[in-house]
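Heads up, the thing below is written out as structure tokens.
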Number of protein chains: 2
Amino acid sequence: MPRFTHPRLEDVPLDLALHALADPNRLTMVARLAATERLSCTGAAPCESIPKSTLSNHLKLLRAAGLIETTQAGREMINRLRRDDFDRRFPGLLDVVLANRPA
Amino acid sequence: MPRFTHPRLEDVPLDLALHALADPNRLTMVARLAATERLSCTGAAPCESIPKSTLSNHLKLLRAAGLIETTQAGREMINRLRRDDFDRRFPGLLDVVLANRPA
DNA sequence: TCGATAGTTCAAGATAGCCGAACTATTAAA
DNA sequence: TTTAATAGTTCGGCTATCTTGAACTATCGA
């Protein structure tokens, strides 16, 4: 039973946040979560072809960056964007990044 | 005689721009350039102790991300933030990142 | 209980980043 | 005009990070 750790946003440095967003796959995942409230891991996947382990690692990094919160629900892991927390810590950053994201 | 290549901003993907900013040293360098108009390489350095080769590589990446322009002036390389170009390509991004930068 | 589902963790190979050492180019001094 | 100093770049090797298949854990449905 994986017990996920979620950092306090004040402990997340800007570099880590930017690094988490500086990847096309993760950015797509964040955009999906921004649009859909709560998604399972496979639901948040940027594409079908991505390996499970890679997906899991991306989500782990997004967690470490304070971008998402993951809770277990049955055998699924439910991911949710920590938008309020993140916006308080880095005002405007997520909005700007999502707005500049390629279509 | 190094002949620097500067990308057109429309060819710079968001991931690369974020990646370039997702490093404390580079971010410090960008902040310095944002405050000082034109700086030599060592002038833009984030600290005294950083090796020249590392510094040079950071500047190369900032160039590739469309963040700076480098021209030769004598034996110095003069770096300038491509703020207008970058802002046109990624509106608001640089402002937000600089505003969220740790003091 | 058995199988399928959903995801994590591990480890190994691939990739990227850091930095010392050698090199280039320019300026200044002798 | 050498000679030396300055300002960086480039190269190569080491390290660290990323990716991914394989093995594992846990839960649900039949």
Checklist outcome for this item: Picking from C:dA6, D:dG8, C:dC10, the nucleotide nearest the side-chain atoms of A:S53 would be C:dC10
Item to check | Check: B:T70 main-chain N/O paired with B:N79 side-chain donor or acceptor under 3.5 Å | outcome: no
Next on the checklist: Looking only at the side chain of B:K52 (C-beta and beyond, no hydrogens), which of the listed nucleotides D:dT9, D:dA5, C:dT8 gets closest?
Outcome noted: D:dT9
Checklist outcome for this item: Between CZ of A:R75 and C1' of D:dG29 the distance, given in whole Å, is 7 Å
Checklist entry - Toward the 5' end of DNA chain D, which comes first, A:I50 or B:R63, by nearest nucleotide? => result B:R63
Checklist entry - Only one of B:V30, B:L93, B:I68, B:V12 clears side-chain contact (heavy atoms from CB on, under 4.5 Å) with B:F86; which? => result B:L93
Checklist entry - Looking at A:D15 and B:R26, does any basic side-chain N land under 4.0 Å from a carboxylate oxygen? => result no
Next on the checklist: I want to confirm an ordering. Mapping A:R26 and A:A73 to their closest nucleotides on DNA chain D, which one lands closer to the 5' end?
Outcome noted: A:R26
Checklist outcome for this item: Whole-Å distance, A:L39 CG to C:dG7 C1', equals 15 Å
Checklist entry - Which nucleotide, D:dT10, C:dG7, D:dG8, lies nearest any side-chain atom of B:K60? => result D:dT10
Next on the checklist: Applying side chain to side chain contact (heavy atoms under 4.5 Å, CB included) to A:D95 and B:V96, what does each step give before you reach the verdict?
Outcome noted: CA-CA 10 Å; A:D95 283 338; B:V96 163; over 6 Å; no
Checklist entry - Separation of B:E76 atom CD from C:dA28 atom P, in whole Å? => result 11 Å
Checklist entry - Among the nucleotides C:dG7, C:dT8, C:dA28, which one has an atom lying closest to any side-chain atom of A:S56? => result C:dT8
